[in-house]
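So the structure is just underneath, and the comments pick up after that.
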Amino acid sequence: MAVSRVLILYTGGTIGMVPVDPDDPDGTRRPGSKDDVLRYVPGIGLRDGIEWELLSDASLPPIDSSGITPVEWLKIAGIIRREYQAWDGFVILHGTDTMAYTASALSFLFENLGKPVVLTGSQTPLFHERTDGRLNLIHSLRIAGHRATGLPPLPEVVICFGKRVVRGNRARKMSATDSDAFDSPNLRPLGAIETDVFLDRSLLLPVPAASFHTHSAMSNGVVDITIVPGLPPSTLEILLAGPAIQGAILRTFGQGNFPPNPELLAVISRAADRGTILLNVTQCPRGAVNMNQYEAGRILADRGVVSAGDMTPEAAYTKLSWLLATFPSTARNLVSRNLRGELSPP
Ligand code: ASP
């Protein structure tokens with residue numbers, strides 16, 4: 001039987017959480033330790049030929065993922081780079097709240113990724129008898145341990161959760177409680193979990209020929225702004241005029257439409273003149289920005305706002321943060337190019 005070696009990196013999240021009051025399993029939870037995870041998963045995957053190790057890195061103590069920042073993304077990327085040659089694939093245990101951000105950020109920080117990096121977690125912790133974490137971990141291990149399971153060697157960052165496997169930089173958390181918490185509204189799922197894990201080879205990214213490396217910087221000068229009816233120009237000005245602001249996500253209406261208020265538009269023009277990269281992302285969960293469809297979109301294009309196409313807000317935010325720190329002089333052009341399967345052709 002073929003054997004596959006998988007590294008599981010534990011970063012926190014519900015999957016490894018324990019109750020603050022041990023007598024109240026449904027009460028408030030806090031991140032547990034590596035041992036709290038290990039206690040509930042002895043021997044999983046071994047019958048499939050998957051040899052795994054669970055790593056909780058000292059530089060990355062388990063957290064509720066609502067506390068994640070670009071600093072942790074860079075640390076995770078650094079650990080995968082350090083361990084890359086030794087394993088066939090990687091599973092990252094992560095909280096669901098910001099999993100789509102982390103999956104997107106990692107997809108950009110990894111250059112020429114040739115092995116599976118599978119993020120998973122759960123809505124109910126491993127210690128709980130109704131946990132969804134055990135199956136999510138087993139299915140993720142099957143993907144990462146492709147050498148043993150015969151699944152395609154998926155060379156990308158994915159989220160495996162509930163009934164779906166979705167591209168990481170296309171993923172969105174769709175439900176705060178449902179065990180099928182993730183979907184990729186603008187791209188068919190890469191795979192389905194039924195009696196086993198099925199992956200659609202026709203959707204997977206090609207295995208890169210060049211060697212793997214990671215990028216090591218992300219800007220925290222990107223602001224994410226939801227446009228609402230009646231947004232005061234002074235509020236938009238405050239959000240865009242901060243000295244550290246290099247880029248902004250504008251979450252606009254429909255196909256990328258913006259209120260035709262001259263004062264709001266003057267704020268946009270001033271930001272563009274300062275060199276801020278303004279990225280137009282639709283508020284709709286499905287569909288893409290097309291600033292040529294309506295005058296209400298054209299007014300942004302005319303002021304130098306760039307279309308995010310059908311990128312998710314999570315992909316747009318992490319991509320712009322990565323580009324501004326890594327390729328500052330070409331970030332404006334690169335942000336609207338498909339770099340990691342995050343964007344469909346117009
Ligand atoms: N608050 C938790 C977290 O993101 C939620 C979860 O993991 O489902 O860490």
Side-chain angles (χ1 to χ4, degrees), residues 8-22 24-41 44 54-77 79 90-107 117-141 144 157-166 168-184 189 193 224 285 312-315 317-318:
I8 306 173
L9 175 62
Y10 174 48
T11 70
T14 294
I15 190 162
M17 287 201 186
V18 291
V20 172
D21 173 358
D24 182 11
D26 292 310
T28 306
R29 292 162 181 157
R30 61 168 175 81
S33 65
K34 169 181 165 177
D35 288 341
D36 290 318
V37 174
L38 283 174
R39 191 167 306 133
Y40 298 100
V41 293
I44 63 166
L54 182 74
L55 174 70
S56 175
D57 199 84
S59 70
L60 211 58
I63 55 168
D64 184 299
S65 78
S66 43
I68 205 103
T69 73
V71 172
E72 282 76 31
W73 295 334
L74 294 172
K75 284 181 185 170
I76 295 172
I79 292 167
F90 302 87
V91 173
I92 301 177
L93 301 182
H94 193 288
T96 59
D97 289 345
T98 56
M99 192 182 286
Y101 284 94
T102 298
S104 297
L106 292 177
S107 78
V117 175
V118 187
L119 280 91
T120 197
S122 69
Q123 296 279 35
T124 307
L126 283 168
F127 82 81
H128 201 288
E129 64 181 1
R130 281 188 285 104
T131 187
D132 51 332
R134 188 179 164 82
L135 270 182
N136 285 346
L137 177 54
I138 290 170
H139 295 142
S140 301
L141 276 175
V157 179
V158 296
I159 290 180
C160 171
F161 205 99
K163 292 200 172 77
R164 294 184 199 97
V165 182
V166 295
N169 56 31
R170 294 289 197 146
R172 304 215 70 193
K173 184 174 179 181
M174 309 296 278
S175 167
T177 48
D178 195 328
S179 52
D180 286 325
F182 289 89
D183 206 347
S184 51
I193 315 291
D224 186 346
T312 63
E314 294 86 345
Y317 176 74
T318 54

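None of these values were measured; they are calculated from a predicted model. Just follow the structure's listing: the first ligand is 1, and inside any ligand the first atom is 1. Nothing fancy with the numbering, it's 1 onward along the sequence.
- Residue contacts with ligand 1 for Pro31 are absent, since no atom lies close enough (heavy atoms, distance under 4.0 Å).
- Close approach of ligand 1 to Gly95 (heavy-atom distance below 4.0 Å) involves ligand atoms 3 (C), 4 (O), 7 (O), 9 (O).
- Protein heavy atom in closest approach to atom 8 (O) of ligand 1: Thr96 OG1, 2.5 Å.
- Here's the thing with Ser66: none of its N/O atoms is less than 3.5 angstrom from an N/O atom of ligand 1.
- Of all atoms in ligand 1, listed by their number and element, those nearer than 4.0 Å to a heavy atom of Thr14 are 2 (C), 5 (C), 6 (C), 7 (O), 8 (O).
- With distances taken over non-hydrogen atoms, the option nearest atom 4 (O) of ligand 1 out of Gly13, Ser65, Pro62 is Ser65.
- Using a 30° and 60° split on the angle between ring planes, Trp73 and Tyr101 fall in the parallel class, below 30°.
- The shortest N or O to N or O distance between Asp64 and ligand 1 is under 3.5 Å.
- With no hydrogens or angles considered, a side-chain donor-acceptor pair links Asn169 and Ser107 at under 3.5 Å.
- Residues Glu72 and Gly67 approach most closely at OE1-O, 4.1 Å, considering heavy atoms.
- For ligand 1, the polar-atom distance check finds no N/O of Thr98 at less than 3.5 Å from any of the ligand's N/O atoms.
- Residues passing the side chain to side chain contact (heavy atoms under 4.5 Å, CB included) test with Asp180 are Lys163, Arg164, Asp178, sequence neighbours excluded.
- Sequence neighbours left out, the pairs with a member in residues 30-41 that pass salt bridge (Lys or Arg N to Asp or Glu O under 4.0 Å) are Asp36-Arg39.
- A side-chain contact (heavy atoms from CB on, under 4.5 Å) with His94 is found for one member of Asp97, Thr98, Thr96 and no other, namely Thr98.
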